[in-house]
Peer 1: 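Quick one: the structure is below, questions incoming.
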Amino acid sequence: MSVRIAPSILSADFAYLGDAVARVERGGADLIHVDVMDGHFVPNLTIGPAVVKSLKRVARTPLDVHLMITDPDRYIEAFAAAGAAMISVHLEVLPHLHRTVHAIKALGVKAGVVLNPSTPVGALEEIATDVDFVLAMSVNPGFGGQSFIPRSPAKVAAIRALLDRCGNFAAPIEIDGGIDAHNAARVVAAGARILVAGNAIFGAADPEVATRELKAIAGLALTGPSPR
Ligand code: DX5
Ligand code: ZN
């Protein structure tokens, strides 16, 4: 399994989203990460299906839609119709997570389950064989540009162990929050295979170059000597 880079457009200039997507795609972005926030589950408000639909027109890479909203069931169809290739939902808000995961898959979209930093890995146990991917938050969701929580690589390793024990070897682990050139190798070594990065890419002087560099570091961590 290679490592994919998913730049988060949350940190891009919203007046020039098409340009932001084109730049990171030139740098080798594998996915475009889209952060949807409702002002309830998280304090911030961001974007909805209309923006995803516009992004879909210009993006050549798949759209990875991260729903940080209290009632994802109401909006899954709209995001799928808008062009999401992957939709992830937070375990913390869903009493009927099994139903939600299968509703996403039934729409032909890859289904992911997200864990906040304080959510125990064991909460995934009963859904581990159903998910297409797991997203581990390495900051508390809501804002770009926060500091990486140091315990996160250990959590990624524990999620990988759980998925493997359940036989779901194919589901990659995505990691989101505070990822940059300094911690990328560590999270890859722990088992992360999709790296989301907002500030490290769009806060850089050249997002194209920043994407290329992050991808190179992540790729090296897969093949090179262990950084630990
Ligand atoms: C945080 C979002 C992240 C965010 C990452 O709630 O889910 O996707 O955009 O941004 P950085 O990489 O700046 O932490
Ligand atoms: Zn996100």
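Keep in mind that the numbers below use all heavy atoms, side chains included, and drop hydrogens, waters and symmetry copies. Here the structure is a predicted model, which means the values were calculated and not measured. For this chain, numbers begin at 1 and follow the sequence in order.
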Peer 1: Using a 3.5 Å distance criterion without hydrogens, assess whether the side chain of Lys105 forms a donor-acceptor pair with backbone atoms of Asp130.
Peer 2: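 Confirmed, Lys105 side chain pairs with Asp130 backbone.
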Peer 1: With side-chain contact (heavy atoms from CB on, under 4.5 Å) as the criterion, how do Ile179 and Ser138 come out once you've worked through the C-alpha distance, each side chain's angles and the decisive distance to 0.1 Å?
Peer 2: CA-CA 8 Å; Ile179 298 297; Ser138 40; 4.2 Å; yes
Peer 1: Quick one, Phe41 with Glu92, criterion side-chain contact (heavy atoms from CB on, under 4.5 Å). Give me CA distance, side-chain angles, the key distance, then yes/no.
Peer 2: CA-CA 9 Å; Phe41 178 60; Glu92 298 84 9; 4.0 Å; yes
Peer 1: State yes or no: do Val36 and Val93 share one hydrophobic cluster built from I, L, V, M, F, W and Y residues joined by side-chain heavy-atom distances below 4.5 Å, directly or via other members?
Peer 2: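 Yes.
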Peer 1: Measure across Ile5 and Pro7 and return the closest heavy-atom pair with its distance rounded to 0.1 Å.
Peer 2: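 Closest approach of Ile5 to Pro7: O-CD, 3.4 Å.
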Peer 1: Taking everything shown except Glu77 itself, do over 12 heavy atoms lie less than 6.0 Å from its CD?
Peer 2: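 No, CD of Glu77 has 12 or fewer neighbouring heavy atoms, counting only those of other groups under 6.0 Å.
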Peer 1: So if you build clusters from Ile, Leu, Val, Met, Phe, Trp, Tyr with side-chain heavy-atom gaps below 4.5 Å, do Val196 and Ile69 land together?
Peer 2: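 In one cluster: no.
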Peer 1: Checking Phe169 against Asp164 for the side-chain contact (heavy atoms from CB on, under 4.5 Å) test, could you report, in this order, the C-alpha distance in whole Å, the side-chain angles of both residues, the deciding distance, and whether it holds?
Peer 2: CA-CA 5 Å; Phe169 304 104; Asp164 290 352; 3.5 Å; yes
Peer 1: With no hydrogens and no angle check, is any side-chain donor or acceptor of Glu25 less than 3.5 Å from a backbone partner on Thr61?
Peer 2: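 Checking the backbone N and O of Thr61 against the side chain of Glu25, a donor-acceptor pair under 3.5 Å is found.
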Peer 1: Hydrogens and angles aside, do Asp73 and Thr100 bring a side-chain donor and acceptor to less than 3.5 Å of each other?
Peer 2: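 A pair is found: one side chain offers a donor N or O, the other an acceptor, under 3.5 Å apart.
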Peer 1: Is the side chain of Arg212 donor-acceptor paired with the backbone N or O of Arg26 at a distance under 3.5 Å, no angle test?
Peer 2: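 Checking the backbone N and O of Arg26 against the side chain of Arg212, a donor-acceptor pair under 3.5 Å is found.
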Peer 1: Checking the side chain of Asp19 only, and the main-chain atoms of Ala22 only, is there a donor and an acceptor separated by less than 3.5 Å?
Peer 2: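 Answer holds: no.
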Peer 1: How far apart are the closest heavy atoms of Met68 and Pro141, and which atoms are they?
Peer 2: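 Here Met68 and Pro141 meet closest at SD-CB, 3.6 Å.
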Peer 1: Kindly indicate whether the side chain of Ile173, heavy atoms from C-beta on, has any atom under 4.5 Å from the side chain of Leu163.
Peer 2: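 Yes, side chains in contact.
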Peer 1: Do Ile194 and Ile217 belong to the same hydrophobic cluster, where Ile, Leu, Val, Met, Phe, Trp and Tyr are linked whenever their side-chain heavy atoms lie under 4.5 Å apart, directly or via other members?
Peer 2: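 Each belongs to a different hydrophobic cluster.
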Peer 1: Please give me the minimum heavy-atom distance between Asn168 and Arg160, naming the atom from each residue.
Peer 2: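 Looks like O-NH2, 3.1 Å.
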Peer 1: A quick test of your reading: do over 12 heavy atoms of other residues, nucleotides or ligands sit less than 6.0 Å from CZ of Phe14?
Peer 2: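 Yes - once you tally the heavy atoms of other residues, nucleotides and ligands closer than 6.0 Å, there are more than 12.
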Peer 1: Measure the spacing between CZ of Phe79 and CG of Leu67 and express it to the nearest 0.5 Å.
Peer 2: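 Here the rounded value is 5.5 Å.
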Peer 1: Table please: side-chain donor-acceptor pairs of residues 44-55 below 3.5 Å, with sequence neighbours left out.
Peer 2:
| from | atom 1 | to | atom 2 | distance (Å) |
| --- | --- | --- | --- | --- |
| Asn44 | ND2 | Gly142 | O | 3.1 |
| Thr46 | OG1 | Asp35 | O | 2.7 |
| Thr46 | OG1 | Met37 | N | 2.8 |
| Ser54 | OG | Ala50 | O | 3.3 |

Peer 1: Measure from the side-chain N and O atoms of Gln146 to the backbone N and O of Asn140, and report whether any donor-acceptor pair falls under 3.5 Å.
Peer 2: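 A pair under 3.5 Å: yes.
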Peer 1: Whether the side chain of Lys155 engages the backbone of Ala136 through a donor-acceptor N/O pair (distance < 3.5 Å, no angle test) should be reported.
Peer 2: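 Side chain of Lys155 to backbone of Ala136: no pair is present.
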Peer 1: Search all heavy atoms of Val188 against all heavy atoms of Ala218 and return the closest pair with its distance.
Peer 2: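 So the minimum-distance heavy-atom pair works out to CG1-O, 3.8 Å.
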Peer 1: Mind checking ring pair (Phe, Tyr, Trp, His ring centres under 6.0 Å) for His40 and listing every partner two or more places apart, or none if nothing turns up?
Peer 2: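 Result, ring pair (Phe, Tyr, Trp, His ring centres under 6.0 Å) vs His40: none returned.
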Peer 1: Keeping the roles fixed (side chain from Asp64, backbone from His33), state whether a donor-acceptor pair exists under 3.5 Å.
Peer 2: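 A pair under 3.5 Å: no.
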Peer 1: Enter the distance from Glu208:CD to Ile201:CD1 here, rounded to the nearest 0.5 Å.
Peer 2: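 Interatomic distance, Glu208 CD to Ile201 CD1, rounded to 0.5 Å: 11.5 Å.
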Peer 1: If hydrophobic clusters are built from ILVMFWY residues whose side chains come within less than 4.5 Å, do Ile32 and Leu214 share one?
Peer 2: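 Yes, Ile32 connects to Leu214 through the hydrophobic network.
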Peer 1: Tell me whether Val34 shares a hydrophobic cluster with Leu31, the cluster being built from Ile, Leu, Val, Met, Phe, Trp, Tyr side chains joined at under 4.5 Å.
Peer 2: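 Val34 and Leu31: separate clusters.
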Peer 1: In chain order, what residues pass the side chain to side chain contact (heavy atoms under 4.5 Å, CB included) check against Val114, with sequence neighbours excluded?
Peer 2: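 Applying side chain to side chain contact (heavy atoms under 4.5 Å, CB included) to Val114 gives His66, Ser88, His90, Leu135, Met137.
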Peer 1: Does CZ belonging to Phe202 count more than 12 external heavy atoms closer than 6.0 Å?
Peer 2: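 Yes.
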Peer 1: In this structure, are over 12 heavy atoms from other groups packed under 6.0 Å from Arg99 atom CZ?
Peer 2: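 12 or below, so no.
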Peer 1: Before you tell me yes or no, could you show the steps for Ile175 and Phe148 under side-chain contact (heavy atoms from CB on, under 4.5 Å), namely the whole-Å CA-CA distance, both residues' side-chain angles and the distance that decides it to 0.1 Å?
Peer 2: CA-CA 10 Å; Ile175 187 159; Phe148 180 76; 4.2 Å; yes
